[in-house]
Amino acid sequence: MAVLPIRIMGDPVLHSPAAPVEEVTDEIRTLVADMYETMDAAPGVGLAAPQVGVGLRIFTYTYQDDEGAEWRGEIINPELWMTPLIPGDPDEDEESEGCLSFPGERFPLRRSERVRVTGTDLEGRPVSIEVDGWRARILQHEFDHLDGVLYVDRLSDSDWKTTQKIARKRGWGRPGASWLPGVDDLEG
């Protein structure tokens, strides 16, 4: 297993829809193992294949449930169903999120409260996850990556403008920008 460089906003792979996985091969298994290693090293609660430069519909996740049990998994070729979004402005304390592809920053973003995600795991077994709250936010965030959408693309106009200033100042917003967990001094 290896920790992979995480692409930063502006790299084309982050802004393009990912392709379906046609077959789980040894290369896919290695990619997923490396994604877990990278997600843990970052540290993050989710990681999509485009974030490590691979335009395939795969993401990994980790979270604790309400009883404190840890859930980890991968979803290949996921589909997402959401409850309707509650209108209004996001609560900055309860609805802020960050992203390993826009590291070190957090912004408020309204997400659906409850989701169901289906797909398969590395063994081809069906996966179906129904979660709410923070866990629903994680799955929506990672699913967005597979459609070429970063959370900063969904922000209010004023927050979006702030992200553009940050990106310019840090030299992001260009192909090839990345950081390596455990080596570079960045957080997301």
Side-chain angles (χ1 to χ4, degrees), residues 6-9 13-18 32 35-36 38-52 56-121 127-164 166-167 172 179 181 186-188:
I6 297 174
R7 304 294 173 95
I8 294 175
M9 182 197 95
V13 73
L14 293 173
H15 304 283
S16 302
V32 170
M35 288 172 62
Y36 280 118
T38 303
M39 178 179 68
D40 292 343
V45 294
L47 188 68
Q51 291 182 275
V52 294
L56 291 174
R57 297 188 75 77
I58 304 169
F59 69 78
T60 58
Y61 63 89
T62 183
Y63 61 80
Q64 286 192 339
D65 67 18
D66 294 334
E67 288 77 42
E70 183 179 56
W71 292 83
R72 289 173 67 84
E74 69 278 343
I75 303 181
I76 298 170
N77 298 329
E79 294 185 34
L80 173 72
W81 291 268
M82 303 180 293
T83 58
L85 190 65
I86 298 171
D89 293 329
D91 179 302
E92 290 189 27
D93 295 324
E94 298 294 321
E95 296 179 285
S96 286
E97 64 187 73
C99 180
L100 297 173
S101 291
F102 198 85
E105 303 295 331
R106 296 184 67 77
F107 290 92
L109 178 63
R110 175 73 36 109
R111 295 270 192 188
S112 292
E113 181 60 27
R114 184 164 190 75
V115 301
R116 179 166 58 108
V117 177
T118 61
T120 60
D121 66 12
V127 173
S128 181
I129 303 170
E130 290 189 42
V131 291
D132 59 11
W134 177 246
R135 295 174 298 272
R137 177 176 296 277
I138 293 168
L139 298 182
Q140 289 171 81
H141 181 109
E142 298 312 324
F143 188 86
D144 270 356
H145 278 298
L146 303 182
D147 287 340
V149 176
L150 297 179
Y151 93 106
V152 297
D153 299 329
R154 296 190 179 277
L155 298 176
S156 69
D157 286 343
S158 64
D159 285 340
W160 184 84
K161 288 176 185 172
T162 300
T163 66
Q164 300 310 298
I166 292 168
W172 299 346
W179 68 283
L186 297 173
E187 297 177 354

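Sequence positions, counted from 1, serve as the residue numbers for this chain. Everything quoted here is computed from the prediction, not taken from an experiment. Computation of the quantities below employed the complete heavy-atom set of this structure, encompassing side-chain atoms and omitting hydrogens, waters and symmetry-equivalent molecules.
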Residue pairs fulfilling salt bridge (Lys or Arg N to Asp or Glu O under 4.0 Å) with at least one residue in residues 144-153, sequence neighbours excluded: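 Every pair satisfying salt bridge (Lys or Arg N to Asp or Glu O under 4.0 Å) with a residue in residues 144-153: R57-D147, R111-D144, D144-R154.
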Would you mind listing every salt bridge (Lys or Arg N to Asp or Glu O under 4.0 Å) that reaches into residues 70-90, with sequence neighbours excluded?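 Every pair satisfying salt bridge (Lys or Arg N to Asp or Glu O under 4.0 Å) with a residue in residues 70-90: D40-R72.
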Would the number of heavy atoms belonging to other residues, nucleotides or ligands and lying under 6.0 Å from CH2 of W134 be above 12? yes
Quick check: are there more than 12 heavy atoms from other residues, nucleotides or ligands sitting under 6.0 Å from CH2 of W81?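 Buried by this count: over 12 neighbours within 6.0 Å.
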When rounded to the nearest 0.5 angstrom, what is the spacing between [atom1] in [X] and [atom2] in [Y]?
X    : Y    : atom1 : atom2 : result
I138 : E97  : CD1   : CD    : 9.5 Å
F102 : T163 : CZ    : OG1   : 5.0 Å
L47  : F59  : CG    : CZ    : 11.0 Å
T60  : M35  : OG1   : CE    : 4.5 Å
M82  : R114 : CE    : CZ    : 14.0 Å
I8   : L150 : CD1   : CG    : 11.0 Å

Should the ring pair H145 and H141 be called parallel, tilted or perpendicular, given that the plane angle runs from 0 to 90° and is split at 30 and 60?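 The rings of H145 and H141 stand perpendicular, inter-plane angle above 60°.
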Under the side chain to side chain contact (heavy atoms under 4.5 Å, CB included) test, which residues partner [X], sequence neighbours left out?
X    : answer
V13  : R7, D11, P50
P108 : P90, E92, S96, D159
I86  : R110
S158 : S156

Using only atom types and a distance under 3.5 Å, with no angle test, would you say the side chain of [X] pairs donor to acceptor with the backbone of [Y]?
X    : Y    : value
W179 : L100 : yes
Q140 : S112 : yes
Y36  : G73  : yes
Y151 : L109 : no

Tell me, do [X] and [Y] make a side-chain contact under 4.5 Å, heavy atoms counted?
X    : Y    : result
H15  : M9   : yes
W71  : V131 : no
I129 : Y61  : yes

Tell me the closest heavy-atom pair linking G119 and I75, and the distance in Å.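 Looks like CA-CG2, 4.0 Å.
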Flag for Q51-S101: side-chain donor and acceptor within less than 3.5 Å: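 Checked: S101/Q51 side chains pair up, N/O donor to acceptor below 3.5 Å.
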Trace of the side-chain contact (heavy atoms from CB on, under 4.5 Å) decision for D66 with R135: CA-CA 10 Å; D66 294 334; R135 295 174 298 272; 3.2 Å; yes
In L146, I58, T120, the residue satisfying side chain to side chain contact (heavy atoms under 4.5 Å, CB included) with P78 is L146
